[in-house]
Structures are given as structure tokens and as C-alpha cells.
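Predicted, not measured: the structure shown is a model, and the values here were computed from it. Note that ligands are numbered from 1 as they come in the structure, with each ligand's atoms numbered from 1 the same way. FYI, side chains are in, hydrogens and waters are out, and symmetry mates aren't considered; it's all heavy atoms of this structure. Quick note: residue numbers are just sequence positions, from 1.
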Amino acid sequence: MKPMWKLAIQSRLVPGGSLREKHDNALRYGFDGIELSHFPMIDAAEEALRDGVPASAMCSGHRGWFIDPNPDQVLACIDDVKRLLELGAQLDAPLIIVPIFGRTNALPGCGTGRSLEADMELWRRGLREVTEHAERVGGRLLVEAINRYENSVSVTLSDAVEWATEMDSPNVRAMADVFHMNIEEADLGDSIRRSKGSLAYVHLADSQRLEPGMGHLDFGSVFAGLAQIGYDGWASMECNLSGDAEEVLPRSVAFLRAQIERVQRAVPAS
Ligand code: LER
Ligand code: MN
């Protein structure tokens, strides 16, 4: 039976001195591709283009944040995101974005220094600006939801879907990260089913953010949800590794493929 989803892994997790070597090692471990996860991302995207290395997506890696406490860093973020959209259009790889990483109202003294309303308005303005650029250059954006301890603006999958939907653009979609969902969602499969129409990418990790197979996350529920909405995109491992990549990555990809096969047998795709 044809596998429903392509499995990727973040490039930082794969041994290799170049993206080409990382890509080839990832395929040898059983993955279908790599997601770029570098800082600065612009350098990695340029290397991928130069060496003809395909990428499933680019994960942030720009300067600053859309709601950075420092206004200069907000401008730097938008500049880099625009450049990454141009490179992503040539690579055919979407750019994963979040409002900010590591600033949250859920922990004392960790906010941005603005009100939640002001943060939301700044994010809305930035997202609108980069959406218009994406449309001009043919790039794609994925709005990710990350848990309450990492930001306060795009926390649940329905938040990410709402932000993406508000942009009303074929170039902007939502993405799910099951590690964050395991903290924020009551039912992983249900939340995925409700994201139908907007969901365009998935990050995979186990409950403690080690590689899938090492924790108690309900991958059966995740994959059943994806099957039920007829998802046919990438699912990419973003996690920490419990041991040597050569040993743990082939084991984890085999675990994922077994889970997917089980769901594929049980749930007819819609
Ligand atoms: C951060 O926790 C995360 O999940 C990344 O994908 C954010 O870009
Ligand atoms: Mn993620």
C-alpha cells in the first residue's frame, strides 16, 4: 500500500558535513527527506539551492521575531522572512513561522513588555506584510502553534488555523507540532480533524521531545486524525535524540512507519 505521508527529519539531527551528506544519510535511515533547521537559515537555503538538495520545509532560523521586544529585531525578522520566502519559492519549500519563541505571558517576567493585544496586532501586521510578499514571489508560509511556555499568541492548533485563515491566502497554511499539541490539546486526533483545510505540515516528537517511540504520546490518535482528513503532506521529526543518530534514527523511523501502517489498515482515507 502506498504510504500516505512523507517522513522528514530536521537537518541538525542528521550527521554530515554538508546538507547533501545529511540528506543522503537521512534517506539511508529510512526518511523521505530533510527539513532545514539552521541559523542563519538564509545560508542553509542558499546551500540547498546551490547543491540541489531538496527540503521539505525551512524551520524559522531568521533574525529576531515578529513580536520581538526590540523593534529593530522585528524589522530584521521581516527582512529575513521575505528573503527566505524568495529562496523558498526556488526550493519549493515553505517557511515555518511563529510569532516569537521563548517569550510568554504564562511565566512571570517573561513577556515581550507589551500587552497581549499589542502583541497580537504586531503579529497580525507582520504576518500580513510577509503574506503579501509570499504572494508576490510565490513563497509559502506555515503558521505553527507552540505551547504556552514558548509564546502566548499562537498556542493551540486552532489559533494557528485562525491566524492562517485570517490571511485568506493560498500561500499561508497552519501546521501542527504534536509535542506542543500534547501539552495544549484535549484530544490530538480531534484537533487535527478540526484543522482540515488548513493543515499543511506536521512536526513529530514524543511526549518528552525525544524521538518518536521513546515516550507516551498517542501517535495512533495523531495518525488516525491525519488519515481521516486525507492529509497527504510531510511529517517531520523535530526532537532531541536519546542516543547516537546512526542507531536511534532508523529505529524511530521504523516505529513511525509501523504506526502509520497500523492506522492505514484501520482508517480508510477520506
Ligand atoms: C519550537 O518549539 C518549535 O516547535 C519550532 O518548530 C518553532 O519554529
Ligand atoms: Mn515545531
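- Salt bridge Arg193/Asp190: present, at least one basic N to carboxylate O contact under 4.0 Å.
- Of all atoms in ligand 1, listed by their number and element, those nearer than 4.0 Å to a heavy atom of Asp177 are 4 (O).
- Those atoms of ligand 1 that come under 4.0 Å of a heavy atom in Glu150, given as number and element, are 1 (C), 2 (O).
- Within Asp177, the N/O/S atom positioned nearest the Mn ion (ligand 2) carries the name OD2.
- The residue from His23, His38, Glu35 that alone fulfils the side chain to side chain donor-acceptor pair (under 3.5 Å) condition with Ser11 is His38.
- A salt bridge is absent between Arg136 and Glu132: the closest approach of a Lys/Arg side-chain nitrogen to an acidic carboxylate oxygen does not fall below 4.0 angstrom.
- Heavy-atom proximity to Ile146, at under 4.0 Å, picks out these atoms of ligand 1: 3 (C), 4 (O).
- The closest approach of His203 to the Mn ion (ligand 2), by N/O/S atoms, is made by ND1.
- Look at Arg63 and Asp80 and you find a salt bridge, because one of the NZ, NE, NH1 or NH2 atoms lies within 4.0 Å of a carboxylate O, short of that distance.
- Close contacts of ligand 1 with Cys59, meaning ligand atoms under 4.0 Å from a residue heavy atom, involve 6 (O), 8 (O).
- The nearest N/O/S atom of Glu144 to the Mn ion (ligand 2) is OE2.
- No hydrogens or angles considered: nothing links the side chains of Gln10 and Ser236 as a donor-acceptor pair under 3.5 Å.
- Per-residue contacts place Ser60 under 4.0 angstrom from the following atoms of ligand 1 (heavy atoms of the residue considered): 8 (O).
- Among Met58, His180, His203, the residue whose heavy atom lies nearest to atom 4 (O) of ligand 1 is His180.
- Aromatic ring centroids of Phe66 and Trp123 lie under 6.0 Å apart.
- Salt-bridge annotation for Arg251 and Glu246: absent, with no side-chain N of the basic residue lying under 4.0 Å from a carboxylate O of the acidic one.
- Residue-level check: among N/O/S atoms of Glu238, OE1 sits closest to the Mn ion (ligand 2).
- For the residues Glu144, Arg209, Met175, the heavy atom positioned nearest atom 6 (O) of ligand 1 is part of Glu144.
- Here the closest non-hydrogen pair linking Ser195 and Ile229 is OG-CD1, 4.5 Å.
- Near Glu238, meaning under 4.0 Å from any of its heavy atoms, are these atoms of ligand 1: 3 (C), 4 (O), 5 (C), 6 (O).
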